[in-house]
Amino acid sequence: MNMRSKLTKLGVVAVLSVLLAAAPAFAKAKIIKVSSTTQPTHIYNIGLKHFADIVKEKSHGELEVQIFPAAQLGSERDAVEGLQLGTLEMTLTSTGPLGNFVPEIKLLNLPFLFKNRDEAYKILDGEIGTQIANKFPAIGIRSLGWYENGFRHITNNVRPIDSLKDMKGIKIRVMEDSLFIATMKSLGASPLPMAFGELYTALEQGTVDAQENPLVNIDASRFYEVQKYLAITGHFYSPAMLLVSEIFFQGLSQEHKDIIISAATSARDFERNLSIEGDKTTEAKLVSNGMIVSHPDKAEFVKAVVPVYKAAAKDIGGGDAAAGQALIDKTLKELGR
């Protein structure tokens, strides 16, 4: 072999060595699709962007989280079923549809269960929240943490809600959950279960008179365009769950699993803080957008929903009233009641 051939061969080897060394940089990232039904500006999706940024950084680009807001991939129930089938990797969802899969989560849909966020976090991040979350792998889904939507309030187009009697006969959209339905009936309203993605149009067309959601959701969804009155009732605290398909999760390396778990915890705290800060400013923003706000006395509302607690045990226990009541009692004891 002459000198030129030797140099050429050495050059090719050198180039191949460089390319092989750089191969991970050219490797195609593993795509993680995550869905939500809320608008892009909602705290869910801002929290998911934070999650995505951490995952990308910690995995050195090997994992890429793609966010699909505004029900682009279907309803919350559609997303949960997609996780079970392995056709969707992740979702951030309210607890509304989850009681159809894990009945114990209906505990968190009891009206006026929590007086403040500290009480909610005590239950969610403690033994009871862990006990509920640990039910999910058995149905092909894994919980990555309790996020939140905040305390829920009522908007409507009929009248200001200054007292319980003002709820009578109002057609109100609720999440697809038996306790939400029972609660609104106990308050005198006429509940209609409906997917969130259908709600704005239903309000606009008068299919329903009212809806109930946290302030940040009312703002992000621009419900002030189709609703006149806002009542600060705080009748439910609305947690959310970041869920991942067990099929997808078990296909990851341990390093990637650890990255996702750690990023989910960081994003949870970030998203909760967004919710807290949003509550401080959003009421005034909704007033500036034309809504008329009332602050009814909650005492008569709390008294009216007592029958919901008595009837909820069977639902929460998945048909076993004794088990459901035991979980309710344990929770109330933890809250010092």
query = How close do A267 and Y147 get, heavy atom to heavy atom, and via which atoms?
reply = CB-OH, 3.4 Å
message = For residues F151 and L335: do they belong to one hydrophobic cluster (side chain heavy atoms under 4.5 Å, members Ile, Leu, Val, Met, Phe, Trp, Tyr)?
response = yes
query = Side-chain contact, heavy-atom cut-off 4.5 Å: F248 with K30?
reply = yes
inquiry  = Suppose the criterion is ring pair (Phe, Tyr, Trp, His ring centres under 6.0 Å): which pairs have a residue in residues 262-287, not counting sequence neighbours?
reply    = H50-F270
request  = Quick one: do E334 and K330 satisfy salt bridge (Lys or Arg N to Asp or Glu O under 4.0 Å)? Show the steps, please.
outcome  = CA-CA 6 Å; E334 283 282 322; K330 182 177 180 179; over 6 Å; no
request  = Using modelled atom types only, decide if a donor and an acceptor are shared between the side chain of H153 and the backbone of T233 within a distance under 3.5 Å.
outcome  = yes
request  = Would you mind telling me which of R117, R272, R268 makes a side chain to side chain donor-acceptor pair (under 3.5 Å) with E148?
outcome  = R117
query = Donor-acceptor pair, N100 side chain versus P97 backbone, under 3.5 Å?
reply = yes
note = All heavy atoms of L164 vs all of F301, minimum pair found to be N-CE1, 3.8 Å
key: Beyond-backbone contact of D78 with L73, side-chain heavy atoms, under 4.5 angstrom   = no
query = Can you find a heavy atom in the side chain of N213 that is under 4.5 Å from one in the side chain of S221?
reply = no
message = Ignoring hydrogens, what is the shortest heavy-atom contact between F51 and I260? Give both atom names and the distance.
response = CE1-O, 3.6 Å
task = Could you tell me whether the side chain of N273 and the main chain of D269 form a donor-acceptor pair under 3.5 Å?
result = yes
task = Indicate yes or no for a side-chain donor-acceptor contact from T91 to the backbone of V80 under 3.5 Å, with no hydrogens or angles considered.
result = no
request  = Mark yes when over 12 heavy atoms from residues, nucleotides or ligands other than K135 sit less than 6.0 Å from its NZ; otherwise mark no.
outcome  = no
inquiry  = Under a 4.0 Å threshold between the charged nitrogen and the carboxylate oxygen, would K122 count as salt-bridged to E119?
reply    = no
query = Side-chain donor-acceptor pair under 3.5 Å between D315 and S178, yes or no?
reply = yes
note = Using a 4.5 Å side-chain heavy-atom cut-off and chaining through intermediate ILVMFWY residues, the residues clustered with V287 come out as L192, M194, F196, L199, Y200, L203, V208, L215, I218, F223, Y224, V226, L230, I232, L286, M291, V293
Short side-chain to backbone donor-acceptor contact, S245 and L83, under 3.5 Å = yes
key: Check: L113 and Y237 side chains under 4.5 Å, non-hydrogen atoms   = no
task = Taking only Lys NZ, Arg NE, NH1 and NH2, and the carboxylate oxygens of Asp or Glu, determine whether R77 and E176 approach each other closer than 4.0 Å.
result = no
ask   = Is a side-chain N or O of E57 found less than 3.5 angstrom from the main chain of I54, in a donor-acceptor match?
value = no
Residues forming a salt bridge (charged side-chain N to carboxylate O under 4.0 Å, His left out) with D53, sequence neighbours excluded = K49
ask   = Okay, side chain of N157, backbone of K228: is any donor-acceptor separation there less than 3.5 Å?
value = yes
ask   = Is the backbone N or O of H256 less than 3.5 Å from a side-chain atom of S253, with the two atoms forming a donor-acceptor pair by type?
value = yes
message = For the residue pair T38 / N217, report whether a side-chain donor-acceptor contact shorter than 3.5 Å exists.
response = no
ask   = Taking C-beta and beyond as the side chain, do N149 and H42 meet within less than 4.5 Å on heavy atoms?
value = yes
query = Do M184 and H235 touch side chain to side chain, with heavy atoms closer than 4.5 Å?
reply = yes
D258-Q254 side chain donor-acceptor pair, cut-off 3.5 Å = yes
Donor-acceptor pair, side chain of R159 and main chain of D166, under 3.5 angstrom = yes
ask   = Do you reckon I139 sits in the same ILVMFWY cluster as L108, going by side-chain contacts under 4.5 Å, direct or chained?
value = yes
message = Using only atom types and a distance under 3.5 Å, with no angle test, would you say the side chain of Q227 pairs donor to acceptor with the backbone of N156?
response = yes
request  = For residues V65 and M90, determine if any side-chain heavy atom of one lies less than 4.5 Å from a side-chain heavy atom of the other.
outcome  = no
